[in-house]
Amino acid sequence: MDKIRMATKSVDSIEETFGRFPGHRRAHARGKTFRGIFTGSGAAAEWTKAAHFKRGEVAASIRFSHFSPDPTWADAMSPVKGMAVQLGGNGEEELNIVGVTSPVFFASTPETFVEILEVTRSVSKGRPNLHTLMALLKDFPESRAMLEAVKKFQAPAGFSAGLYHSIHAYYFVGEGKRQPIKYVWEPVDGVKGLSAMELASLPIGFYEVQIEDRLAVSPVRFRLLVILGEPDDPTDDPTKEWPSDRKTAVLGELTILKEDPAVDALLFDPTVVAAGIECSEDPVLRFRSPAYRASFERRSAEIGEQ
Ligand code: HEM
């Protein structure tokens, strides 16, 4: 099946499994959006000429989200949160760095992703909940790394308290060299988790209020780290984490300044990178581009009709 048909199929499959919510993203449906500034540290100069990481400032648009495709799910039912950042844009060269609070994904190919959704649909009566999903993933060997990771980590105590991983590898390219990297957004406030009890008792919309309250005190800051891959580290499999002793570097700091609902209309395509950066061969990363486009076109058309 070609990439575009497969992307449409995956988005259809999400809708058939979780329901259709006009005007919303087909995954990570509920979120909150902001504007800010990214200040490059200059530390990437050794590997890439990407303009965004040079010393200096660039505009940033940010969206935090709950992973569920159903915007009515309680916050606790989406233990994995998302942070999508677009640096530049608005006529300037665009670089998207999209992360989630898990270091690995549950499927190594688009085909497995669709298969998992199909199995979910066939066994769940009505729409599946988090527990059905977790139970099903146990039957897919490649999903175990994500299940283990989710068991080990705690849901963050707020959108501003999570560690967000790009999961996929990219390459910094320059002067005949290709340095594999993965990105991590690290909160300057520190990573803070919630116990299962605390998570279960949260009211719906807790995370949205948390970041609003936090931002009322002062700007929210995240450091952008890169993990530097070594020759045998897998660059094509989002179910595999790199060893924890890999070197890291700080590429700069994101300062989140104010809420901006207009950012919700953006498309955070993780394959849009700047000159000096390339996408890895990871089939899930490459497939996300047409899948996100399909979701973007559907939600934009629905908003136009409302
Ligand atoms: C087969 C793989 C995947 C599929 C089919 C998929 C599907 C989707 C779709 C349809 C959207 C909504 C896009 C939009 O309307 O703009 C979305 C959003 C999102 N996805 Fe994925 N996704 C996949 C893998 C991943 C992975 C590996 C990550 C890890 C970083 C991820 C993180 C996110 C985040 C953070 C958002 C919200 C972006 C925003 O705020 O605009 N996804 N996904």
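Note that ligands are numbered from 1 as they come in the structure, with each ligand's atoms numbered from 1 the same way. Numbers here simply count residues along the sequence, with the first being 1.
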Any N/O pair Ser10/ligand 1 closer than 3.5 Å: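 For ligand 1, there is no N or O atom that lies under 3.5 Å from one belonging to Ser10.
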Can a side-chain donor-acceptor contact be found between [Y] and [X] if the only test is distance below 3.5 angstrom?
| X | Y | value |
| --- | --- | --- |
| Ser61 | Arg35 | yes |
| Ser78 | His66 | no |
| Thr17 | Arg121 | yes |
| Arg144 | Thr239 | no |
| Thr33 | Glu259 | no |

Options Tyr164, Phe268, Phe64, Phe105, ranked by nearest heavy atom to atom 3 (C) of ligand 1, top entry: Phe105
Looking at [atom], what's its closest protein heavy atom, distance included?
| atom | answer |
| --- | --- |
| atom 4 (C) of ligand 1 | Phe113 CZ, 3.9 Å |
| atom 37 (C) of ligand 1 | His28 CB, 3.4 Å |
| atom 41 (O) of ligand 1 | Arg25 NE, 2.7 Å |
| atom 15 (O) of ligand 1 | Ser295 OG, 2.5 Å |
| atom 43 (N) of ligand 1 | Tyr292 OH, 2.9 Å |
| atom 11 (C) of ligand 1 | Ala27 CB, 3.7 Å |
| atom 40 (O) of ligand 1 | Arg63 NH1, 2.7 Å |
| atom 32 (C) of ligand 1 | Arg288 NH2, 3.4 Å |

At a non-hydrogen distance cut-off of under 4.0 Å, which region of [X] contacts ligand 1 (side chain, backbone, both, or neither)?
| X | result |
| --- | --- |
| Ala84 | side chain |
| Phe67 | neither |
| Val284 | side chain |

Quiz item: cation-pi between Lys81 and Tyr207, 6.0 Å / 45°: yes
Face-on cation placement of Arg178 at Tyr171 ring, 6.0 Å and 45° thresholds: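 Here Arg178 passes the 6.0 Å and 45° test against Tyr171.
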Note: Asp264-Arg30 ion pair, threshold 4.0 Å (strictly below): no
Salt bridge Arg223-Glu186, side-chain N to carboxylate O under 4.0 Å: yes
Which ligand 1 atoms does [X] reach within 4.0 Å, using its non-hydrogen atoms?
| X | answer |
| --- | --- |
| Phe287 | 1 (C), 5 (C) |
| Phe296 | 15 (O) |
| Val98 | 30 (C), 34 (C), 35 (C) |
| Gly82 | 35 (C) |
| Ile167 | 29 (C) |
| Gly99 | 35 (C) |

Any His168 heavy atom less than 4.0 Å to ligand 1: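 Checking ligand 1 against His168, which is what was asked, there is a heavy-atom contact under 4.0 Å.
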Test item, Ala107 contacting ligand 1 (heavy atom, 4.0 angstrom):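 Distance cut 4.0 Å: Ala107 fails for ligand 1.
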Verdict with supporting geometry, Arg286 and Glu281, salt bridge (Lys or Arg N to Asp or Glu O under 4.0 Å): CA-CA 7 Å; Arg286 288 171 178 258; Glu281 40 299 270; over 6 Å; no
Derivation and outcome, salt bridge (Lys or Arg N to Asp or Glu O under 4.0 Å), residues Glu118 and Lys9: CA-CA 11 Å; Glu118 277 168 3; Lys9 187 171 173 190; 3.8 Å; yes
Close side-chain approach of Phe287 and Tyr292, heavy atoms under 4.5 Å: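 Contact flag for Phe287/Tyr292 side chains = no.
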Stepwise side-chain hydrogen bond (donor to acceptor under 3.5 Å, both in side chains) test for Arg221 and Thr255: CA-CA 5 Å; Arg221 295 177 205 279; Thr255 306; 3.1 Å; yes
